[in-house]
Amino acid sequence: MKVIVLGAGIIGISTAYFLAKKGYEVVVIEKNSSCALGCSYANGGQLSYADINPLSSHNFLLPMLKAAIKPNSYLTIKDFNLDFLKWSREFFKNSSAPLFKANSLNLFFLSLKSKNALTKLLESETEIKFGYKEKGILHFFRNQKLFDEAIKQAEFRRSLGIRVEILRKEECVKKEPTLVSLYDQKKLLGGIFYPEDASGDSALFAKELEKICREKYAVVIKYDCDIKNIFTNYQKITGINTNKGVFIADKYVYALGAYSKRLLQGIQINSGIYPIKGYSLSIPANKEFLAPNLSLTDEENCLVYSRLNNIFRVAGTFEINNLKTNKNQSHINFLKQSVKSTFSDFGNLYEAKEWFGFRPFRANFIPLICQVKKYGNLYINSGHGHQGWTLAAASAEIITNLIAGQESEELKFLSAEEKFLYK
Ligand SMILES: Cc1cc2nc3c(=O)[nH]c(=O)nc-3n(C[C@H](O)[C@H](O)[C@H](O)COP(=O)(O)OP(=O)(O)OC[C@H]3O[C@@H](n4cnc5c(N)ncnc54)[C@H](O)[C@@H]3O)c2cc1C
């Protein structure tokens, strides 16, 4: 059976791998000339399995509103079109305590599955090198209210079986000595360490896995191939129309991330995915610059830090401006300012590579990993928001199982998301 995967980001490439490994004939279609050049290119690198809280949370609403009106913060809102307003309404709905808890539990199942799926993948593809570090992630705090709330959430996670360590400020510095600068400034209150979390370069991983897909599993990747529209006969998908002709298969997996929502709209499907731009800096980490070794999360500024081989990456910020591709310098400045105020050594910050990508966000933060029943042979694997790298392996495994007609009971909540597609 032949399957076409639309998009060669971390989700598309992982999907191609799992499908091909299960024996499907796979073709991937990608508009760029290489894989992982979209949102998967220079993200924060965190495999944050313990981070099961959707951002749509009653506790996060007030800090978010404050951030939105404050100049030079991690959040700017510039788009007030109907799409975004509808998305925001759903976001607020999902912030209620019961929905927040239900969504967190669902993300927990996915996270757990993803860690296992990536571990299995790395056991069979031992040659993949992507700066993988299984050393945990340390969340640090300067704000007592945030810290107290995060401790409550950490206790909930502990009750699910996630390993958690609540650390005093001295213990944080012991784990990651570069936090001494914050400690000396008397700004560090403490931290929460998730030892089972990890980090790695998602673009490098995608490139290595793409090579394995082609060389070991005969996956065909069509680059520079821009999808123009999706053909249907109203009962199933009949082809993918591109600048290089029409491609036909038995089944199709949509993995276009935040892009090309219009392609789904063209076949009367509403993915409910809204693009939220985020920025990153990649600072060269060399002998002169002792970058942090441990992956870190700065909860107050909603930023993550990861050392990925010879790069120290800082990533985060949220710019709500649809798919506008202009660079907002205030977000870059926010990242630079945060690095400077957190660490005493920040390397050659002014040589950092600046980047932005569009996170594919759904309002309830549950990715779409489902069959589109209206068309039968169409599947969606998209909408992973700020967690696409973390959830890629499970998402790819689950969609492959769905295509093979296998659905597990505990993941039925994913198929339930299908009902939102026709709104
Ligand atoms: C600043 C920032 C930091 C982040 N940090 C983390 C992190 O630490 N951990 C984590 O888990 N996640 C993180 N994320 C989120 C993560 O990067 C995304 O969820 C993930 O990359 C989404 O992958 P994707 O494959 O769905 O999308 P993409 O990587 O965007 O892939 C979609 C692909 O579809 C292609 N495409 C689009 N339209 C067409 C068309 N018409 N024809 C052909 N091809 C097309 C694109 O070119 C692209 O290659 C971060 C994101 C950002 C922006």
Side-chain angles (χ1 to χ4, degrees), residues 4-16 28-49 51 74 110-111 114 118 137 197-203 205-206 210 221-230 240-244 247 253-264 266 271 273 275-282 295-297 302-306 308 313-319 323 331 335 354-362 365 367-369 380-396:
I4 290 182
V5 177
L6 284 62
I10 189 64
I11 300 295
I13 292 295
S14 303
T15 302
V28 180
I29 301 181
E30 166 59 49
K31 70 176 176 188
N32 286 319
S33 50
S34 171
C35 66
L37 292 180
C39 191
S40 311
Y41 183 66
N43 62 28
Q46 288 194 336
L47 291 156
S48 46
Y49 303 110
D51 194 2
Y74 62 81
L110 266 183
S111 279
S114 215
L118 182 65
I137 296 178
D197 282 357
S199 58
D201 187 326
S202 76
F205 176 86
E210 186 255 21
I221 317 233
K222 302 278 183 191
Y223 285 119
D224 302 309
C225 196
D226 195 353
I227 303 164
K228 302 290 182 198
N229 41 25
I230 301 173
I240 305 297
N241 186 29
T242 76
N243 61 333
K244 293 196 170 166
F247 293 84
V253 182
Y254 174 101
L256 297 177
Y259 307 91
S260 304
K261 192 174 163 182
R262 64 167 183 84
L263 288 177
L264 286 179
S271 65
I273 293 170
I276 299 188
K277 209 196 264 181
Y279 289 77
S280 77
L281 298 174
S282 297
S295 187
L296 300 169
T297 298
C302 289
L303 293 180
V304 303
Y305 296 99
S306 295
L308 305 163
R313 170 116 4 109
V314 48
T317 81
F318 301 88
E319 185 187 350
L323 282 168
H331 282 252
L335 294 182
E354 301 170 359
W355 173 84
F356 63 78
F358 296 100
R359 306 175 187 92
F361 268 115
R362 294 191 72 230
F365 292 75
L368 276 174
I369 310 172
I380 301 184
N381 193 3
S382 193
H384 296 76
H386 63 309
Q387 291 274 80
W389 170 216
T390 306
L391 302 177
S395 308

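In listed order, ligands and their atoms are each counted from 1.
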Would you check if the side chain of [X] reaches a backbone N or O of [Y] as a donor-acceptor pair within less than 3.5 Å?
X: Ser382; Y: Gly257; result: yes
X: Ser280; Y: Ala315; result: no
X: Gln46; Y: Leu296; result: yes
X: Glu319; Y: Tyr279; result: no
X: Trp389; Y: Gly44; result: no
X: Ser202; Y: Ser40; result: yes
X: Asn32; Y: Ser34; result: no
X: Ser295; Y: Ser306; result: no
X: Asp226; Y: Lys31; result: no

Write down the atom of Glu30, the atom of Ala8, and the distance for their closest heavy-atom approach. OE1-N, 2.8 Å
[X] heavy atoms, cut-off 4.0 Å: which ligand 1 atoms fall inside?
X: Gly9; result: 25 (O), 29 (O), 31 (O), 33 (C), 49 (O)
X: Thr390; result: 9 (N), 10 (C), 11 (O)
X: Ile11; result: 23 (O), 24 (P), 25 (O), 26 (O)
X: Gln387; result: 10 (C), 11 (O), 12 (N)
X: Trp389; result: 10 (C), 11 (O), 12 (N)
X: Asp226; result: 40 (C), 41 (N), 42 (N)
X: Tyr279; result: 1 (C)

Report yes if some N/O of [X] lies less than 3.5 Å from some N/O of ligand 1; otherwise report no.
X: Ile10; result: yes
X: Gly357; result: no
X: Gly278; result: no
X: Arg359; result: no

Counting heavy atoms only, which of [options] is nearest [atom]?
atom: atom 42 (N) of ligand 1; options: Ile227, Ile273, Asn381, Thr317; value: Ile227
atom: atom 16 (C) of ligand 1; options: Leu335, Asn43, Leu37, Leu256; value: Asn43
atom: atom 43 (C) of ligand 1; options: His386, Lys222, Lys261, Lys31; value: Lys31
atom: atom 18 (C) of ligand 1; options: Gly385, Ser40, Ser395; value: Gly385

Do me a favour and list the nearest non-hydrogen protein atom to [atom] with residue, atom name and distance?
atom: atom 48 (C) of ligand 1; value: Glu30 OE1, 3.4 Å
atom: atom 38 (N) of ligand 1; value: Ser260 OG, 3.0 Å
atom: atom 5 (N) of ligand 1; value: Gly44 N, 2.8 Å
atom: atom 30 (O) of ligand 1; value: Cys39 N, 3.0 Å
atom: atom 9 (N) of ligand 1; value: Gln46 O, 2.8 Å
atom: atom 37 (C) of ligand 1; value: Tyr259 CB, 3.5 Å
atom: atom 27 (O) of ligand 1; value: Gly257 CA, 3.7 Å

[X] and its side-chain contact (heavy atoms from CB on, under 4.5 Å) partner, picked from [options]:
X: Phe318; options: His331, Lys277, Arg359; value: Arg359
X: Thr15; options: Ile10, Asn381, Leu6; value: Asn381
X: Ile227; options: Leu256, Ile4, Asn241, Asn243; value: Leu256

For ligand 1, the portion of [X] having any non-hydrogen atom under 4.0 Å away:
X: Phe356; answer: neither
X: Cys225; answer: backbone
X: Ala255; answer: backbone
X: Ser280; answer: neither

Check the pair Phe361, His386 against ring-ring contact (aromatic ring centres under 6.0 Å, His included), reporting the backbone distance first and the verdict last. CA-CA 7 Å; Phe361 268 115; His386 63 309; 5.7 Å; yes
Would you say OH of Tyr41 has more than 12 non-hydrogen atoms from neighbouring residues, nucleotides or ligands within 6.0 angstrom? no
